[in-house]
Amino acid sequence: MDRIFSGIQPTGNLHLGNYLGAMRNWVRLQDSYECIYCVVDLHAITMWQDPAELRTSTREVTAAFIAAGIDPKKNIIFNQSRNSDHTELTWVFNCVARLGWLNRMTQFKEKAGKHRENASIGLYDYPVLMAADILAYKATHVPVGDDQKQHLELARDIAQKFNNDFGVDLFPLPEPIILGVASRVMSLRNGTQKMSKSDPSEYSRINLNDGPDDIALKIRKAKTDPEPLPSEVAGLEGRPEAENLVGIYAALGDRQPEEVIGEIGGLSFSQFKEKLTELAVAELGPIGAEMQRLLAEPDEIDKVLSDGGARARALTAPVLAEVFETVGFLTD
Ligand code: TYM
């Protein structure tokens with residue numbers, strides 16, 4: 001069976017983009033693939049994280065996975081630092097990847113901003129660790145949002161260069177799975193910017209653990225334009241905020257924008273926002289409630305991560321042994 005690896009950083013609240021762009025797809029893929037879903041704490045510390053908050057966030061993301069419907073028995077759920085094979089393989093890959101490749105990574109440029117010299121080396125190396133995450137399991141498929149496409153291409157380049165350099169066929173070239181209208185959910189305050197955990201405005205995103213009042217308030221405050229909603233999808237062109245809200249409405253209802261536009265075309269934004277709020281509360285409310293229930297028993301969450309970590313190590317140990325042998329390291 002083909003194997004999936006994907007991950008989410010435990011840095012603050014999960015938002016609607018993480019859910020619609022990644023996690024909801026993970027739930028659906030668990031029946032057709034062997035799946036490994038990781039809370040990537042090693043990636044999280046590439047930017048400063050308060051240790052107590054990191055622990056809380058790691059448990060919250062784990063609770064969100066389970067609350068969204070990922071079965072921790074059938075799939076592997078663990079936090080990345082529990083399997084040191086990820087970091088060992090990263091070192092080998094650091095010696096395969098080229099500086100020029102990393103210099104092209106747009107996410108590093110965005111995150112490092114103007115203070116590039118002051119960014120951590122970990123932030124620069126982030127995509128190499130991501131390649132190691134995937135390839136330590138010889139994963140064949142990686143479901144992610146649109147913003148991870150470039151990192152996936154790098155993982156493929158590293159796999160290919162390793163195979164070529166050593167004349168082996170050790171790593172498969174992992175395929176991205178980027179699904180649907182919600183692969184890039186935009187900010188509620190600016191339809192041209194991605195919804196993101198790092199946006200300073202809380203009103204820019206809906207969090208998975210927001211209650212109905214917060215959801216309603218954020219949607220009410222969402223930026224719009226003065227025109228009513230168009231009755232054809234083509235009418236959304238050049239109207240990024242409208243396009244985003246319609247996309248969210250379609251994705252939450254598991255429909256295409258073409259299907260919903262007939263229903264909402266001609267409505268004013270305030271009428272449409274009521275419908276959107278109702279749907280968002282109905283879809284996200286039960287997940288938030290289940291997260292709260294699970295978080296009341298942190299020991300159970302820790303058990304899931306510990307069990308997942310052991311199962312993860314069992315999968316990567318033979319791959320690392322193969323890599324060490326290929327590279328020429330003497331081992332026991
Ligand atoms: P992170 O935590 O930034 O994002 C987690 C997932 O959410 C998706 N996503 C979005 N999708 C749609 N619209 C948005 N506005 C939006 N914002 C985020 C991301 O594409 C991602 O799928 N580097 C990864 C974590 C990672 C990983 C891996 C993923 C580490 N190792 C190995 C796959 C395989 C990341 O972006 O995390």
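Note that ligands are numbered from 1 as they come in the structure, with each ligand's atoms numbered from 1 the same way.
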Neighbour list for ligand 1 [protein residues, heavy atom under 4.0 Å]: F5, S6, G7, I8, Q9, H15, G17, N18, G21, A22, V40, H43, Y126, M130, D133, I134, V142, V144, G145, D147, Q148, A182, S183, R184, V185, K194, M195, K197
is_close_aromatic(F272, Y249), centroid dist under 6.0 Å: yes
Under the side chain to side chain contact (heavy atoms under 4.5 Å, CB included) rule, collect the residues that match up with Q148, sequence neighbours excluded. Q107, M130, V144, H151
Between V61 and P10 the two heavy atoms that sit nearest each other are CG2-CA, 3.9 Å
Is the ring centre of H15 less than 6.0 Å from the ring centre of Y203? no
Aromatic ring proximity F93/H86, centre distance under 6.0 Å: no
Quick check: do V142 and I4 have side-chain heavy atoms less than 4.5 Å from each other? no
